[in-house]
There are 2 protein chains.
Amino acid sequence: MHHRKLATIEDVAAIAGVSIATVSRAINEPRKVADETRRRVTDAIARTGYTTNAMARSLRMRRANMILILAPDVGDPNFSNILVGLEIAASTRGYGVLIGNTQNDPEREADYLKFISSNQADGLILFTGHLPFGLADADPSVRLPPMVAVNEPVLNHDVPFVGVDNFEGARIAAEHLVSQGHQRIAFIGRSPARRINALREEGYRAALAQAGLSVDERLILPGDGTTESGRQATEHMFVRDVLPSAFLCVNDATALGVFMALNNRGYVLPRQFSVMGFDDIAFASFVTPALTTMKQPRRKIGEEAMNMLLTLLEGEPPRQREVFLRSELIVRNSVSRFTEK
Amino acid sequence: MHHRKLATIEDVAAIAGVSIATVSRAINEPRKVADETRRRVTDAIARTGYTTNAMARSLRMRRANMILILAPDVGDPNFSNILVGLEIAASTRGYGVLIGNTQNDPEREADYLKFISSNQADGLILFTGHLPFGLADADPSVRLPPMVAVNEPVLNHDVPFVGVDNFEGARIAAEHLVSQGHQRIAFIGRSPARRINALREEGYRAALAQAGLSVDERLILPGDGTTESGRQATEHMFVRDVLPSAFLCVNDATALGVFMALNNRGYVLPRQFSVMGFDDIAFASFVTPALTTMKQPRRKIGEEAMNMLLTLLEGEPPRQREVFLRSELIVRNSVSRFTEK
DNA sequence: TTGAAAGCGCTAACAC
DNA sequence: GTGTTAGCGCTTTCAA
């Protein structure tokens with residue numbers, strides 16, 4: 001099968017006693033070939049172990065049946081299941097998936113774009129939240145390649161998007177805290193420049209407003225979504241001595257930082273403080289206390305995004321340019337009922 | 001740049017006033033072209049935004065500069081950084097990386113093999129621990145495609161392998177426990193059929209032997225590496241009332257199960273029991289107490305494996321067929337000095 | 001329903 | 001140093 005010269009369409013044609021055009025048809029449009037002929041071709045294919053040479057076909061057809069995925073870090077646990085969903089949907093529809101780990105390096109982004117301009121990939125899935133370098137600054141008359149953003153919407157460009165409804169998710173999370181009697185709820189992870197953080201903050205504000213609670217701006221702390229930022233924010237609150245009864249964190253990583261700071265100061269969770277995260281990353285259920293959080297339907301996001309892209313590629317306009325999937329409240333043990341001390 | 005018919009080598013040649021052969025040479029073997037000519041070609045390329053059509057090139061060259069990665073689950077946190085390493089090494093050497101999520105489904109494995117037989121990929125990285133279905137049973141006279149196994153060696157086949165030295169790592173781990181005064185050390189995760197588990201168990205035994213400690217077989221419990229198996233094994237020990245002072249777990253996931261069982265029973269770690277893991281997965285540093293473990297050089301594994309494969313592909317025999325990288329002892333807080341009660 | 005033949009864009013042998 | 005040309009393996013008119 002390998003290194004013994006591969007069978008070509010000519011070999012098959014010779015064995016079947018037909019022309020290569022007929023072999024091609026038998027493979028791609030079987031109904032246009034007489035039953036008997038088709039049988040002979042099928043046999044010949046089996047006998048030779050023939051597989052269509054994808055390069056020749058792609059060259060001729062001008063498409064590669066390949067999708068390029070651009071992500072700043074394929075190893076990011078937040079990405080991995082989206083990746084799985086993308087891969088499954090792609091392979092189901094006969095497409096392959098190429099990965100491009102950009103590390104947010106403009107040069108690597110531009111490099112990977114060559115897969116598109118060299119016809120090696122037909123479309124693009126973007127995890128990066130921005131157009132890849134080389135496209136961002138391109139003259140606007142130039143048509144962008146077919147692409148769909150995932151995880152983070154693309155700033156300032158009308159790129160179709162599939163992701164979680166961050167506003168609604170955060171609203172539900174804050175509502176959960178309110179339903180447990182909390183009135184002083186901190187939001188950890190303010191960062192207006194980050195779309196996700198901004199939306200989650202808005203959801204938080206909406207829930208408080210809806211509950212008739214006023215927002216204490218001193219309980220809203222900046223953070224970039226890292227564990228360290230959660231730790232620092234918490235420390236900061238103690239230094240200023242403005243404390244909540246519950247922490248709503250912009251994501252699970254941040255919540256972990258809050259956990260660490262609180263543990264460090266000797267508090268027992270969730271007795272003395274409640275903490276909520278967002279994302280439901282792998283270890284959320286393994287920390288102590290297990291983290292109450294909002295679960296992202298990651299695999300589903302990947303599948304939807306890929307299906308949207310392939311639909312786009314096949315020439316149909318997508319039914320909607322933005323799809324927001326619902327996140328799910330996962331109640332574990334890091335939130336307790338608030339009781340006045 | 002897109003959908004405005006792509007520039008071809010002929011367009012460049014016309015603009016530069018040379019033949020297409022010269023353009024090709026200017027790109028691939030610049031030194032064979034006169035300075036002045038090369039300059040004109042470079043200019044023309046810039047003016048047209050030309051990119052070599054990868055399909056045409058691959059068809060002609062009979063190689064795709066593409067590597068297929070077969071993994072049962074791309075989302076596995078144990079894989080992700082290896083994946084990053086693979087990707088980095090590949091792109092550094094001008095190769096693309098195709099992912100195949102097989103879910104251990106023979107059908108999907110066979111499907112993905114078509115990327116090889118259809119010339120879309122030149123080589124294979126195997127995470128699966130076995131030859132893909134369709135190769136495993138192939139007649140042995142058939143040459144296998146170039147491949148390198150990673151993470152888990154391939155059973156019964158002489159496939160080059162890059163991974164961590166499991167025996168040595170476990171030996172160092174057990175030695176660490178011994179150095180902290182532990183004498184009754186359990187091994188959680190016995191599973192002779194799994195190469196990794198078996199090697200780690202051997203390392204454990206070697207360390208005890210070296211320390212002059214006898215092995216109490218009742219302290220060696222079966223497990224498949226899941227969190228649940230760790231929990232169960234621990235429960236089992238309590239039921240039989242044969243207890244160690246320290247648990248050496250076959251991996252971090254198992255250690256987590258041990259944590260849960262111990263927490264459940266109200267023990268305080270590491271005061272009452274010490275626990276060690278293996279792998280250093282993402283959350284190892286975030287559990288309480290932070291897990292002492294052996295860190296796998298995952299990214300390095302990926303890089304080495306890819307480099308080995310590309311070397312193979314370029315016709316050179318690999319310097320060694322098996323590369324074992326050292327794992328690193330990461331001391332955190334889950335192990336304490338043993339003091340007689 | 002089938003076949004002949006053009007041509008996708010490129011590299012490499014060969015000739016100059 | 002450079003140009004001409006064959007041909008990689010396929011799909012797709014066009015004609016029979």
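Every chain is numbered from 1 and lettered A, B, ... according to where its sequence line falls, protein lines coming before strand lines. Note that this is a predicted model, so its numbers are computed, not measured. Keep in mind that the numbers below use all heavy atoms, side chains included, and drop hydrogens, waters and symmetry copies.
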Heavy atoms from C-beta onward define the side chain here; which of [options] lies closest to that of [X]?
X: A:Ala21; options: D:dG1, D:dT11, D:dT12; answer: D:dT12
X: B:Ala56; options: D:dC10, C:dG9, D:dT2; answer: C:dG9
X: A:Val33; options: D:dT4, C:dA4, C:dT2; answer: C:dT2
X: A:Leu59; options: C:dG9, D:dG3, D:dC10; answer: C:dG9
X: A:Asn28; options: C:dT11, D:dT11, C:dG3; answer: D:dT11

OP1, OP2 of [N] versus side-chain N and O of [X]: anything below 4.0 Å?
X: A:Arg62; N: C:dC8; result: no
X: B:Thr8; N: C:dG9; result: no
X: B:Ser19; N: D:dT2; result: no
X: B:Asn53; N: C:dC8; result: no
X: B:Ser24; N: C:dT11; result: yes

Counting only distance, no hydrogens or angles, is the base of C:dG9 paired donor-acceptor with the side chain of A:Arg60 under 3.5 Å?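 For A:Arg60, whose side chain was compared with the base of C:dG9, there is no donor-acceptor pair (under 3.5 Å).
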Mind listing the closest non-hydrogen atom pair of A:Gly302 and A:Leu86 along with its distance?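 For A:Gly302 versus A:Leu86, the nearest heavy atoms are O-CD2, 3.2 Å.
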Under 4.0 angstrom, heavy atoms only, what part of the nucleic acid is B:Asn119 near: base, sugar-phosphate, or nothing?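 Answer is nothing: B:Asn119 stays at 4.0 Å or more from every strand.
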What does A:Ser58 touch in the nucleic acid at a heavy-atom separation under 4.0 angstrom: a base, only the sugar-phosphate, or nothing?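 Contact class for A:Ser58: none.
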